[in-house]
Number of protein chains: 2
Amino acid sequence: MAPKAYYNIHPKFHVAVDCIIFGFEDGELSLLLLKRNFEPARGQWSLMGGFVEEGESVDAAARRVVAELTGLSDLYMSQVHTYGAPERDPGERVVSAAYYALVDIKKYNRELVRAHNAFWVKLPDVPPLIFDHGAMVRDALRFMRYQASVKPVGINLLPEEFTLTQLQALYEAIFGQAMDKRNFRKRIASMDYIEKTGGLDRTMSRRAAALYRFNPDKYDGQSIFKI
Amino acid sequence: MAPKAYYNIHPKFHVAVDCIIFGFEDGELSLLLLKRNFEPARGQWSLMGGFVEEGESVDAAARRVVAELTGLSDLYMSQVHTYGAPERDPGERVVSAAYYALVDIKKYNRELVRAHNAFWVKLPDVPPLIFDHGAMVRDALRFMRYQASVKPVGINLLPEEFTLTQLQALYEAIFGQAMDKRNFRKRIASMDYIEKTGGLDRTMSRRAAALYRFNPDKYDGQSIFKI
DNA sequence: ATTTTAAAGTGTAAAAACAACACTTTAAAA
DNA sequence: TTTTAAAGTGTTGTTTTTACACTTTAAAAT
């Protein structure tokens with residue numbers, strides 16, 4: 001395609017993606033963060049990011065970048081916001097789109113994570129991050145909470161089969177507040193798209209707990225939780 | 001700032017903004033759209049857009065672009081989503097951030113709008129738009145509805161002083177559903193940040209209607225309407 | 001002057017959703 | 001055999017939401 005005058009009087013910028021990768025363990029949300037052993041900002045903490053390449057959509061770049069770190073494709077991901085302040089990256093002008101991803105924390109590729117010098121950090125322990133990555137985390141958490149209140153995305157943080165106790169702990173972590181066990185279970189019982197598998201979990205307690213799964217065929221877009 | 005190797009192995013792209021400009025008139029939402037008398041896509045309908053310039057934030061570009069068309073700064077604006085498919089603009093690669101803006105439709109600069117060959121089009125009459133602008137409108141409407149359900153942004157579509165009948169018609173237009181007058185007025189009465197000005201509107205009915213205004217000092221972030 | 005008209009304004013009751021609350025069951029471990 | 005720790009289970013009061021219809025006002029028409 002020949003360059004056109006009405007485009008080329010305008011500047012071009014690097015376009016990047018930064019990924020807020022959420023996991024869930026021990027009743028708490030965690031983020032997968034890089035302790036950067038590369039430039040720029042070597043030695044500081046940051047989100048996993050990367051540049052959008054020729055012929056690659058911004059969404060695809062976000063998936064690629066998460067897969068480079070975790071080995072996981074097919075994650076639940078969602079664009080959060082785009083950050084475009086001219087000095088947000090002090091090195092060069094970079095416009096960055098933030099995406100959040102939800103990972104079953106049992107499944108990621110440990111070698112890749114080690115090779116990137118990345119670590120799971122529980123949310124309250126997240127250190128100061130480079131550039132505007134702290135704002136990205138704040139905005140991603142807010143947006144993820146909203147989405148979790150509106151559709152069952154949170155389930156992507158759990159294994160395919162989970163107990164109601166795990167599910168409740170997950171929602172308590174997402175919304176940061178305790179919930180009543182009976183009311184919670186009543187609510188879940190009314191969601192026919194969360195169904196018993198018939199299996200039992202015997203690892204978490206003396207008494208075996210019924211396992212449940214999300215059935216996407218039965219899910220029709222109905223809202224889940226009030227925030 | 002000297003170019004750095006770790007940036008310059010990556011491509012750069014044009015970064016644009018496209019603006020979904022909402023107005024409200026005759027009980028219906030409208031969009032301010034361009035019938036393009038310039039390239040590219042001359043003769044087709046599009047959103048108002050423009051490129052992000054050197055040293056300009058993406059947010060500032062969106063405000064500039066809306067001000068170029070309407071003469072209005074200080075509008076309520078919010079970023080919606082960024083569109084980054086490689087072929088979304090068939091001319092050259094352009095990554096575009098969409099923003100919505102809320103305009104009091106009595107106030108815009110008519111000369112500027114005429115000069116841009118722009119027109120207010122009621123939502124149900126919006127014609128097919130170029131590129132992915134149709135998707136931008138759909139996403140902006142969804143996001144604006146969400147924000148209007150959560151905070152009183154809709155008020156930016158009305159004059160500073162408004163009657164409860166106008167306000168109800170506005171929310172009916174935003175959410176696309178009729179509301180009960182008494183229940184609506186009860187709800188508004190419980191929002192102390194929507195207060196009587198003492199003034200009366202005599203233009204809309206035989207019986208004068210009390211005028212109200214939004215008092216931002218009394219607004220503390222509480223949620224407004226269930227969607 | 002009187003009547004008509006069109007929008008402004010106002011309360012109650014039933015239904016639904018939500019929140020609070022404590023004990024029994026199970027099976028492994030001691 | 002007893003202890004323990006988590007799984008599992010219903011009811012009631014409170015709050016929120018919804019449904020519903022007539023009176024008031026003042027301009028315009030007669």
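Below, chain A is the first sequence line, B the second, and so on; all start at residue 1.
- Environment of CD in Glu25(A): crowded, with over 12 heavy atoms of neighbouring residues, nucleotides or ligands closer than 6.0 Å.
- Judged as a side chain to side chain contact (heavy atoms under 4.5 Å, CB included), and not counting sequence neighbours, the contacts of Ala208(B) are Leu200(B), Arg202(B).
- The side-chain hydrogen bond (donor to acceptor under 3.5 Å, both in side chains) search around Thr70(B) returns none, not counting sequence neighbours.
- Here Thr163(A) lies out of heavy-atom contact (under 4.0 Å) with every strand.
- Take Tyr219(B) and apply the ring pair (Phe, Tyr, Trp, His ring centres under 6.0 Å) test, not counting sequence neighbours, and it matches Tyr193(B), Phe214(B).
- Considering only residues two or more places apart in sequence or on other chains, Ala209(B) meets the side chain to side chain contact (heavy atoms under 4.5 Å, CB included) condition with Thr163(B).
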Using a 3.5 Å cut-off and no angle test, enumerate the donor-acceptor pairs between side-chain atoms of residues 72-83 of chain A and protein atoms at least two apart in sequence or in another chain.
residue	atom	partner	partner atom	Å
Tyr76(A)	OH	Gln147(A)	OE1	2.8
Gln79(A)	OE1	Thr82(B)	N	2.8
Gln79(A)	NE2	Tyr99(A)	OH	3.2
Gln79(A)	NE2	Thr82(B)	O	2.9
Thr82(A)	OG1	Thr82(B)	OG1	2.6
Tyr83(A)	OH	Asp139(A)	OD2	2.6

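- A straight line from CZ of Arg185(A) to P of dA6(D) spans 13 Å, rounded to a whole angstrom.
- In this structure, Lys196(A) atom NZ and dA7(D) atom P are separated by 13 Å, rounded to whole Å.
- As rounded to whole Å, 12 Å separates atom P of dG8(D) from atom CD of Gln166(A).
- Taking only side-chain nitrogens and oxygens, Thr165(B) comes nearer than 4.0 Å to OP1 or OP2 of dA8(C).
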Distance-only check: which donor-acceptor pairs under 3.5 Å involve side-chain atoms of residues 114-131 of chain B, not counting sequence neighbours?
residue	atom	partner	partner atom	Å
His116(B)	ND1	Leu112(B)	O	2.9
Asn117(B)	ND2	Lys35(B)	O	2.7

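- In this structure Arg88(A) satisfies the side-chain hydrogen bond (donor to acceptor under 3.5 Å, both in side chains) test together with Asp132(A), sequence neighbours excluded.
- Evaluation of the side-chain hydrogen bond (donor to acceptor under 3.5 Å, both in side chains) rule for Glu68(A) yields Arg64(A) as partners, not counting sequence neighbours.
- Counting all heavy atoms, side chain and backbone alike, Ala61(A) lies closest to Val52(A) at CB-CG2, 3.9 Å.
- Arg213(A) meets the side-chain hydrogen bond (donor to acceptor under 3.5 Å, both in side chains) test with Glu195(A); sequence neighbours excluded.
- One can place NZ of Lys181(A) at 14 Å from P of dT25(C), the figure rounded to the nearest angstrom.
- In this structure, Phe184(B) atom CZ and dT17(D) atom P are separated by 15 Å, rounded to whole Å.
- A straight line from CG of Leu164(A) to P of dT9(D) spans 9 Å, rounded to a whole angstrom.
- For the pair Gln168(A) CD and dG8(D) P, the computed distance is 12 Å after rounding to whole Å.
- For DNA chain D, the residues of residues 203-212 of chain B within the heavy-atom distance limit of 4.0 Å (strictly under) are Arg206(B), Arg207(B), sorted by number.
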Next on the checklist: In dot-bracket form, 5' to 3', how is DNA chain C paired? Count Watson-Crick and G-U wobble pairs only if both distances fall under 3.5 Å, and write | where the partner sits on another strand.
Outcome noted: ||||||||||||||||||||||||||||||
Distances for protein N/O vs nucleotides 10-15 of chain D N/O pairs under 3.5 angstrom?
residue	atom	partner	partner atom	Å
dT11(D)	O4	Lys186(A)	NZ	2.8

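- In this structure, the CZ atom of Arg187(B) is 12 Å from the P atom of dA19(D), given to the nearest Å.
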